[in-house]
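Just so we're clear, the structure is a prediction, and the values are computed from it rather than from any experiment.
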Amino acid sequence: MTGYTMLRNGGVGNGGQTCMLRWSNRIRLTWLSFTLFIILVFFPLIAHYYLTTLDEADEAGKRIFGPRAGNELCEVKHVLDLCRIRESVSEELLQLEAKRQELNSEIAKLNLKIEACKKSIENAKQDLLQLKNVISQTEHSYKELMAQNQPKLSLPIRLLPEKDDAGLPPPKVTRGCRLHNCFDYSRCPLTSGFPVYVYDSDQFAFGSYLDPLVKQAFQATVRANVYVTENAAIACLYVVLLGEMQEPGVLRPTDLEKQLYSLPHWRTDGHNHVIINLSRKSDTQNLLYNVSTGRAMVAQSTFYAAQYRPGFDLVVSPLVHAMSEPNFMEIPPQVPVKRKYLFTFQGEKIESLRSSLQEARSFEEEMEGDPPADYDDRIIATLKAVQDSKLDQVLVEFTCKNQPKPSLPTEWALCGEREDRLELLKLSTFALIITPGDPHLLISSGCATRLFEALEVGAVPVVLGEQVQLPYHDMLEWNEAALVVPKPRVTEVHFLLRSLSDSDLLAMRRQGRFLWETYFSTADSIFNTVLAMIRTRIQIPAAPIREEVAAEIPHRSGKAAGTDPNMADNGDLDLGPVETEPPYASPKYLRNFTLTVTDCYRSWNSAPGPFHLFPHTPFDPVLPSEAKFLGSGTGFRPIGGGAGGSGKEFQAALGGNVQREQFTVVMLTYEREEVLMNSLERLNGLPYLNKVVVVWNSPKLPSEDLLWPDIGVPIMVVRTEKNSLNNRFLPWNEIETEAILSIDDDAHLRHDEIMFGFRVWREARDRIVGFPGRYHAWDIPHQSWLYNSNYSCELSMVLTGAAFFHKYYAYLYSYVMPQAIRDMVDEYINCEDIAMNFLVSHITRKPPIKVTSRWTFRCPGCPQALSHDDSHFHERHKCINFFVKVYGYMPLLYTQFRVDSVLFKTRLPHDKTKCFKFI
């Protein structure tokens, strides 16, 4: 143990033993290494030699360790399988190598193509960049040309008064007020919209004396007026209502003048004020005769020359129908033209300026000296002579059977009650109106009442006295509706009346009826006319007529619309391009601020027609392009070779005078979803279609799971407030085109038929152009009108279940046409198409246009419509006769032709560029 410790610790004393141990260990390791070397090197060599030389026997089959031939080795069974596998793998490797080489070759080729494509893309990018630069330069040049050729228009600087109470320079004389010196234009900028502030009469002392009917009627029309504002600070015009007093004489002129001057916005002189003095009776007092109205305009029915300021004050109609609408059933028809009496007159003169019995002078003496102040005796004698001659049946009475109505001095008082006077006028072709004998009395309520009653029942007014100022005379052309004859020509009146032709007489009667309905008949028409006259005088455009805001029904779309073979089978016709761009709306009306300057008299004096439109109606004339328009002419004229001339070009181009235009389909439906979906699908691919407006006429909404077809254009589903056929013609704000195709949900029209109708309508924009034709006929045994749908050689109506018309007529139908017609359509749930035909024919005096030879257009297999009911035709008979009563005559006109178009559906060779046709 001690030795071990010493060895471990390396003791000095045992150094010899340690060295011996180290030497012996080294010898052992050397021996072991040598032994292993001998074994690992020499033994394999000996074994190899032995194995190669041991087996050298004569018999080859006994060799165990010697090498063998290849074919002998494959004789072993399990080795044979390995050989076959080796051969198969070798073949596959050879094939894969060949494919690899082919792929490498293809990859090299594709790389070359990729490089070529990259170069092409770079070139295309360069070309695109150049095109963009060219387009940008072209747009910039176009803008520069437009800027050079068109003036820069912007809203004018708003005119504002410096001080509300500054006042204007006073006119030199009291009657010298005109717009330029008594009206403050600074309160009425061109773009102000003409705001009107109306004083509440009940807040002032004079309001307590007004006739309740007048006040109530006035307040009702004020509430519905688009110009009225409650903000007096921005108002252009201030309206004060006077009128019929409950007790005449209770309001003295001085008191009335003080009350007017105390109005909160009178501003010392009343500029920009209009005092409307409405009268209901022929004896209404002239309240403002001795009242100083300052610079305020006066609108009333009675004026003396010292009181009236031409071009400033307004002569208005009396308010006969205060709170009631005219009863069209009591208005006589406009035909026959000639009535029982040639002319009639009833009246009594209470007081005259100078009696002809006291100062009798010959006619020659009167002409040589000063003209007499009163021709009444001469008029009486002349008219009695005509009555006694019995050449024509006339009725003149110069003494009332009962007490005459109160009247002004020298005025012919009315006789009898209003109902009695109307019955006599219904039998009169002409109605004589003798103006007051006082030349200073320009117009009176009694004279205006006679004019009102004559126009109401269709008796053409004959006014004796050229000094008279008829209502709205500075805007209306009264010579188109009345005869104004100087009193000295009273002896020629009979000859003049007999010389009028029936056509001229009927035209005057129709014009008089239009003036009465538009400007005289109700409180609303009178108030609107007063505002319109002032607005026209100061050249402010009218407010746009309102459109019906479409309440859209949400619906799911996305169902791919199929193609109906009947719709798409157009042969080799090119009906036009299917719109791929966003819908193109018709140009808006651009003449709002010049209309009051250029067309004021034409629009005031003519019945609303295709060129007398509401301010926002897009009806500006569009000049045709010389490249596509051929003017009318006679003889042979080459129409091929130019753009749009040949048949192929005609088929592919829309043509006409408006180069780009679309139309809107309006489809009325009621709980027929399957029929509706089929009809919408048939519109797929229809050229020039802007959008489809589906008027959902049922209170029940469409099914939530209903999938609407995708036809390439928007489909707007509009919800209506009630089930009414009048909804078909509402001017929806979603209709942005002038052209409307009104179509039933079960109408079956081919695309080429629709396009043909659209082409024809574009050349006759003021008429109804459609497909199913009907006509009216006179039932001799029953002395009434009949509706007829049989095949015939003439027609007078085109049903709007498949027809084009202008959106302008939608405004007229919904807002201008008498409400009684729309009420009857709702009552019978019928006749809306007849009403539209009546309206258009009444306005244009033209028949509709029928296209194609087909007579019915119902889809096969669709459920039967209301028109198959037996009562359907009986109701339409009643509708026609009622509409005739409302219009006063039969406005429908017959036509005996349908329209075809030059070279429409004509197959021409593509290389044929010239053709001659007689035009």
Side-chain angles (χ1 to χ4, degrees), residues 542-552 579 583-592 595 603 607-622 654 656-658 660-668 686 688-695 713-716 718 720 724-744 754 757-770 798-817 822 832-833 835-844 846 848-849:
I545 192 170
R546 68 182 180 92
E547 291 185 310
E548 291 294 326
V549 179
E552 183 178 5
E579 298 294 343
Y584 175 75
S586 298
K588 297 298 183 181
Y589 193 67
L590 303 177
R591 296 176 56 229
N592 287 7
L595 181 66
S603 61
F611 299 104
H612 307 133
L613 308 177
F614 293 104
H616 79 303
T617 307
F619 227 120
D620 269 332
V622 180
L654 184 60
N657 299 329
V658 181
R660 186 182 182 190
E661 188 170 18
Q662 296 178 346
F663 62 91
T664 302
V665 169
V666 177
M667 187 177 295
L668 187 72
L686 181 61
Y688 304 109
L689 180 59
N690 182 273
K691 70 174 62 172
V692 178
V693 177
V694 178
V695 182
V713 298
I715 297 179
M716 175 71 65
V718 178
T720 58
S724 172
L725 293 180
N726 293 316
N727 296 332
R728 179 194 298 272
F729 303 123
L730 285 174
W732 302 105
N733 61 337
E734 292 295 334
I735 302 176
E736 299 177 325
T737 60
E738 296 182 18
I740 296 177
L741 173 58
S742 174
I743 189 170
D744 289 338
I754 295 177
F758 183 46
R759 293 174 184 270
V760 173
W761 176 86
R762 296 179 75 250
E763 304 300 327
R765 308 173 73 88
D766 61 335
R767 301 164 78 174
I768 298 177
V769 176
V798 167
L799 302 186
T800 54
F804 285 93
F805 63 89
H806 199 285
K807 187 181 179 182
Y808 168 65
Y809 294 122
Y811 295 106
L812 294 185
Y813 185 97
S814 302
Y815 306 134
V816 179
M817 189 179 69
R822 294 190 293 271
E832 86 287 354
D833 46 2
M836 177 59 81
N837 278 270
F838 265 71
L839 175 66
V840 177
S841 296
H842 170 65
I843 293 173
T844 63
K846 298 177 183 178
I849 298 178

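- A donor-acceptor distance shorter than 3.5 angstrom exists from the side chain of Tyr809 to the backbone of Asp766, with no hydrogens or angles considered.
- A donor-acceptor pair under 3.5 Å is absent between the side-chain atoms of Asp744 and the main chain of Ala802, judged by distance alone.
- Atoms CD and NZ, from Glu734 and Lys691 in turn, are 4.5 Å apart once rounded to the nearest 0.5 Å.
- With a 4.5 Å cut-off on side-chain heavy atoms, Phe804 and Ile740 do not count as touching.
- Asp833 contributes no side-chain N or O that, together with a main-chain N or O of Gly801, makes up a donor-acceptor pair within less than 3.5 Å.
- For Ser742 and Arg728, the side-chain atoms include at least one donor-acceptor pair closer than 3.5 Å.
- Side-chain atoms of Glu547 and Tyr811 form a donor-acceptor pair, as typed in the model, at a separation below 3.5 Å.
- Remark: Glu548 engages Arg546 in a salt bridge, criterion side-chain N to carboxylate O under 4.0 Å.
- A side-chain donor from one of Gln662 and Asn690 sits under 3.5 Å from a side-chain acceptor of the other.
- Ser586 and Thr737 share no donor-acceptor pair across their side chains, judged by distance under 3.5 Å alone.
- Residues forming a side chain to side chain contact (heavy atoms under 4.5 Å, CB included) with Ser724 (at least two apart in sequence, or on another chain): Lys722, Asn726, Asn727, Asp826.
- Listed for the Arg762 side chain is no donor-acceptor partner under 3.5 Å among the backbone atoms of Ala739.
- Cation-pi contact between Arg660 and Tyr584: present, with separation from the ring centre below 6.0 Å and deviation from the ring axis of at most 45°.
- Here the options are Trp761, Phe663, Phe729, the test is ring pair (Phe, Tyr, Trp, His ring centres under 6.0 Å), and the partner is Phe805; only Phe729 passes.
- Summarising the geometry, atom NE2 belonging to His806 is positioned 13.0 Å from atom CD1 belonging to Ile768; distances are rounded to the nearest 0.5 Å.
- With Lys807 contributing its side chain and Ile735 its backbone, the two residues share a donor-acceptor pair below 3.5 Å.
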